[in-house]
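First up is the structure itself, then whatever we jot down about it.
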Amino acid sequence: MAEIPKAYEPQEVEKHWNQYWLNNSCFRANPDSAKPAYSIVIPPPNVTGILHLGHVLNNTLQDVLARIAGMKGFETLWLPGTDHAGIATQVVVEKTLRAEGLTKHDLGREKFIERVWEWKEKHGGIIIEQLKKLGCSCDWARERFTMDAEYSRSVTETFIDLYNKGLIYRGKRMVNWCPVSMTALSDEEVSMKTLADTMYYFKVEIAENPGTFLTIATTRPETIPGDSGIAVNPKDKRYAEFIGKHAIRPLPHKLPPEEKLIPIVPAEHVEFEFGTGVLKVTPAHDKTDFEIGKQHGLDFIEVINANATMNRRAGKDLENLDRDQARVCAWDLLEKLGAAVKKEPYEHNVGFSERADVPVEPRLSEQWFLKYPSQDKARQAVVNGDIRFYPDRWAKVFNHWMENIQDWCISRQLWWGHRIPIWYRDDEIRCQAESPGDGWTQDPDVLDTWFSSWLWPFATMDEQTQRKFYPTSVLVTAPEILFFWVARMIMAGFEYTGEKPFSHVYLTGIVRDKLGRKMSKSLGNSPDPLDLIDKYGADALRFGVMRSAPLGQDVLFDEQHVELGRNFCNKLWNVCRFRQLQGETVKSQINPDLLTSDDKWILARLDAAIAELNTALNEYRFTESTHILYRFFWSEYCDWYVEAAKSALYNDDQDRKHNTLAVIDFILSTTLRLFHPFLPFITEELWQDMGYNKSCDKDRGDESIVTAPWPEWISAEFKTRFGIDRTNHDFAAQKYELVTQARNLRRETNIPSNKKIRFVFKPRAHWPQEESASFKLLLNAEPLEINPEFNPPKGTPTTLSPLGELYMPLEGVIDVEAEKARLTKEIEKIKTEISKVEQRLANPAFMEKAPAHVREENLKRKTDWQSKLDHAQSVMNHLCE
RNA sequence: GCGCGCUUAGCUCAGUGGUAGAGCAUUACCUUCACACGGUAGGGGUCGCAGGUUCAAGUCCUGCAGCGCGCACCA
């Protein structure tokens, strides 16, 4: 056993164990195993993606769950993979083409797709490699890609099935069109943004009443050439008389007069108060106008091209202008024509394409739509708790969306993706995977990427794997894709497997910077996780993120959290190093007869930590889990037990020393296992270094910590045999409390903590001889006298505990005034506490109605404070004599 | 507009009716033979506001305010 270095250096350690785990196939899932199954499918990251902190959070959580399940004896599958990210990937590859002076049209569809595959082979594995660096325990042999041949077959078959069920249909509808990506989008891919915009007011003349004008408010004057009607509310007395008449549309102005006439129609939804109460109707470029247009048989005049430039029908002046330029130009024209009335600043919400970050253009086009299958089953599963959300408030959000569900626009005008299995010949249409033969042409569109990822939980598994691992246990993902992905997977699951795809859905928070802003490339506030791993280690990054990611809350990322993780790893490292310096691991049993109160106390604390940890983890309270571990390990084990144990370790009594080492090994080997899911690398390293891979029995260890058993509660039998009970626990706790008070005395009397001084302890009851050693060490006393008859000199600083009185006799002159001041302060504090308790006890209603244990607790509190007061007061009196 | 959250120490957050907590930051002391990526002891909170229920409210109820998110949307 080589001595380990003073500071933990994660880089080599992490590389080494990653390789070891992979070489030994530690994470291979065996579908033939007799063990119960636990499974997770990874939310497939975008194949163009690189690891960001959101991935770190999300995948660390999954890794923790997967590793715990493995240690608990489940046959565990964590299935990794990526999705083909239609738009994003196509955009990336088009960019590389542009660098060569080419467009995708120069290559043609087939060649272009070849290029995408080339790109994917070269760069698509990056994020998978990054996940490995993070320590993810995925079954890498099962990595899947949504464009894999087998997976693609499932996608195509699903389309055909839904088509045959009549749930997929084609329709010419108003869709969300992204003029940059040049494709239709689903409603979910549009997000509203508030814009500081302009409201333009212009007037139109009534053809039948020359000289009478209506003023119209609009934010989009460039669409005036596309207007084919004017709508007013029939109940609006100001305008009702004009219904049925015609207005003269001002743009384009060089048309024959009869082509400028547009009818004035009634529409209930036009509001009196809004704008002028007169609405221009552009049925080809606005969703609500489309409905009005259909209702009144208005013309559908398209004036905007797919790329958001204006076309010929917009008029010579606007033609070829971009929609934004056209807006300015149209207003100029209105001013020249004398039709402009006024413009004013106006704030409103506009739908943006999430992918390209430009305003969506509502556009009339032929698209494929899906009526969602298995809606009722999906809703029911969540309502009756078959599928549970963590935190559960997301169930409400899910329900709300399901209740207002709209048909899904699934066609995309892209080349990269699953091509729609629809074939045309003249007027004939067929839905099938392969071409029906000569003369048939396939629909040019591909399917929305989510139309493939909604099959992910089962399309990634062959039949045998599904039998063992489907439905999966839990899905861990971001709330942003609750509708995009989670809800759709539930419906697909029921439709195609007859079962839910997962039992639990854990929704993470969003990772933000420490100012609460979303991570974004343009803000430059998004640290590269790989840099953090290089600097601090993957374990530190994982622990830091976990420790600051409470359930249901966003995560404010601060590099300090990672630093804390690193410090923690270093502490773990050093306390193990300390153990190593005490000599070889001895495979010896703990002897109950040699246990001190310190030993019993730390075993009891461990038991409590395990219990709390398991409860927290069952409810997915990860942050709390890390806090429990942190507290136990640092504040209890390191701060108190290790320090107390030094008295035995530095002693000549070999039996006691060995027994202490046995306790330490018991605690450490258990603690390392508890930490392993959170800190996989350092715990494996220490597990091997410390020799626990060899020295622990099967019920407490294994060759690798990955397969070592998860610590369950310490058994009642163990506790009885080792005397781990309330009395022993409280004795040690009171001893530590007394030590803290004594250290406080030192500080208040300006005695440095490293100076050994004389203490005299006057125990209240029998004081076991073996308790003195650790007490003395913790006090840094030289000597520590145990003297039940001690009669302190006047003014000796002292403190009281249920165990007895502790005195710190000072050599030389005692500063009486300082001591008086200290006591006065203390007495003040005690009196406040007493009056609080007395107030409560004096209340007859409290004495009558409060439960007995609360009453007793308060009575005891009062007695305790009272004896402290008596003690302090008598010292004070003595001092004043 | 509808819905869902949040508001506790300087900061970030725990705290499901019974003595207000953690980490960071801060103050003082300590370079003590595991660790300065460390140790010891402190200071710091009328728990957003106003009512109510209760013997007892940070915790339950009502109202209000501020912040955030989701959905919908009016040109």
Side-chain angles (χ1 to χ4, degrees), chain A residues 4 6-8 187 191-192 199-200 216-220 223 231 269-271 273-282 286-289 346 348-349 351 391 393-394 396-397 399-401 404 479-480 482-483 510 514 516 536 540 547-550 552-558 560-561 563-582 621 623-624 627 630-631 634-635 638-639 642-643 646 650 739-748 750-756 780 833 836-837 840 843-851 853-855 857-858 861 865:
Chain A
I4 53 186
K6 191 166 169 176
Y8 175 55
D187 294 343
S191 63
M192 289 300 191
M199 182 71 90
Y200 301 89
I216 301 174
T218 182
T219 51
R220 301 201 67 186
T223 63
H269 98 274
V270 175
E271 291 189 20
E273 303 299 326
F274 194 89
T276 60
V278 185
L279 173 69
K280 74 193 236 347
V281 183
T282 325
D286 183 278
K287 252 183 187 167
T288 31
D289 290 3
Y346 179 63
H348 67 146
N349 297 325
R393 66 187 158 86
W394 290 109
K396 291 182 197 163
V397 180
N399 283 334
H400 183 257
W401 186 75
N404 298 286
E480 294 153 308
L482 180 60
F483 311 140
I510 295 166
K514 60 180 166 185
Y536 298 104
R547 217 174 156 283
S548 54
Q553 301 252 353
D554 286 351
V555 185
L556 299 195
F557 181 82
D558 187 338
Q560 279 193 346
H561 295 144
E563 207 176 309
L564 180 116
R566 183 213 39 194
N567 295 354
F568 187 80
C569 289
N570 193 55
K571 188 76 175 177
L572 186 58
W573 184 257
N574 271 291
V575 86
C576 288
R577 182 163 167 261
F578 171 74
R579 165 64 189 89
Q580 282 199 318
L581 295 173
Q582 307 312 313
R621 298 199 309 262
T623 304
E624 194 179 323
H627 280 107
Y630 190 99
R631 183 207 67 208
W634 201 313
S635 309
C638 292
D639 288 353
V642 172
E643 294 309 317
K646 283 176 181 171
Y650 297 154
V739 169
T740 301
Q741 288 172 31
R743 287 167 175 170
N744 190 14
L745 278 187
R746 270 182 189 264
R747 170 181 148 84
E748 286 180 332
N750 287 319
I751 294 165
S753 55
N754 61 343
K755 188 177 179 191
K756 289 193 189 313
N780 198 23
E833 293 299 329
K836 270 203 279 191
V837 185
R840 182 170 297 182
N843 182 350
F846 173 81
M847 296 308 282
E848 192 187 324
K849 296 192 178 174
H853 75 273
V854 176
R855 280 202 313 268
E857 197 186 302
N858 278 274
R861 207 182 300 159
W865 283 117

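None of the values given here were measured: they were computed from a predicted structure. Quick note: numbers below take in every heavy atom, side chains included, and nothing from hydrogens, waters or symmetry partners.
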The answer to which of Val739(A) and Thr218(A) contacts RNA chain B further toward the 5' end, by nearest nucleotide, is Val739(A)
Using the C1' atom as the point on both nucleotides, what is the distance between A9(B) and G21(B), in whole Å? 10 Å
For Thr740(A), which contact category applies under a 4.0 Å heavy-atom criterion: base, sugar-phosphate, or nothing? sugar-phosphate
Closest listed nucleotide, where the reference is the side chain of Asp639(A) and the choices are C29(B), G39(B), A41(B): G39(B)
Between the base of C35(B) and the side chain of Lys6(A), is one N or O donor paired with an acceptor at under 3.5 angstrom? no
Regarding Asn349(A), tell me which of base, sugar-phosphate or nothing describes its non-hydrogen contacts under 4.0 Å with the strands shown. base
Consider the side chain of Asn744(A), meaning its heavy atoms from C-beta on, and name the nucleotide among C73(B), G42(B), A34(B) that approaches it most closely. G42(B)
List, with names and distances, any nitrogen or oxygen atoms from the protein found under 3.5 Å away from nitrogen or oxygen atoms belonging to nucleotides 23-25 of chain B.
residue : atom : partner   : partner atom : Å
G23(B)  : O4'  : Arg547(A) : NH2          : 3.4
C24(B)  : O2'  : Gln560(A) : OE1          : 2.9

So what does Tyr346(A) touch, heavy atoms closer than 4.0 Å: a base, only the sugar-phosphate, or nothing? sugar-phosphate
Reckon Met199(A) touches a base, only the sugar-phosphate, or nothing at all at heavy-atom distances under 4.0 Å? nothing
Side chain of Lys646(A), heavy atoms from C-beta onward: which of A75(B), U40(B), A34(B) has the nearest atom to it? A34(B)
With sugar-phosphate meaning primed atoms plus P, OP1 and OP2, does Arg743(A) contact a base, only sugar-phosphate, or nothing at under 4.0 Å between heavy atoms? sugar-phosphate
Looking only at C29(B), A75(B), A34(B), the nucleotide nearest the Pro752(A) side chain is C29(B)
Among A75(B), C35(B), C37(B), which nucleotide has an atom closest to any side-chain atom of Glu643(A)? C35(B)
Could I get a table of every N or O pair under 3.5 Å where one atom is in the protein and the other is in nucleotides 15-20 of chain B?
residue : atom : partner   : partner atom : Å
U19(B)  : O4'  : Arg861(A) : NH1          : 3.0

Can a salt bridge be assigned to the pair Asp289(A) and Arg220(A) using a cut-off of 4.0 Å between side-chain N and carboxylate O? no
Can you pull every protein N or O that's under 3.5 Å from an N or O on nucleotides 59-62 of chain B?
none

Between protein and nucleic acid, restricted to nucleotides 1-4 of chain B and to nitrogen or oxygen atoms under 3.5 Å apart, what atom pairs and distances do you find?
none

Involving RNA chain B, stems made of at least three consecutive Watson-Crick or G-U pairs, both distances under 3.5 Å: B:1-7 with B:65-71, B:10-13 with B:21-24, B:26-30 with B:38-42, B:48-52 with B:60-64
When you compare the protein's N or O atoms with those of nucleotides 10-12 of chain B, which come within less than 3.5 Å of each other, and at what distance?
none

Closest nucleotide among U31(B), G38(B), A34(B) to the Asn567(A) side chain: G38(B)
What nucleotide, of G42(B), A75(B), C35(B), holds the atom closest to the side chain of Arg747(A)? G42(B)
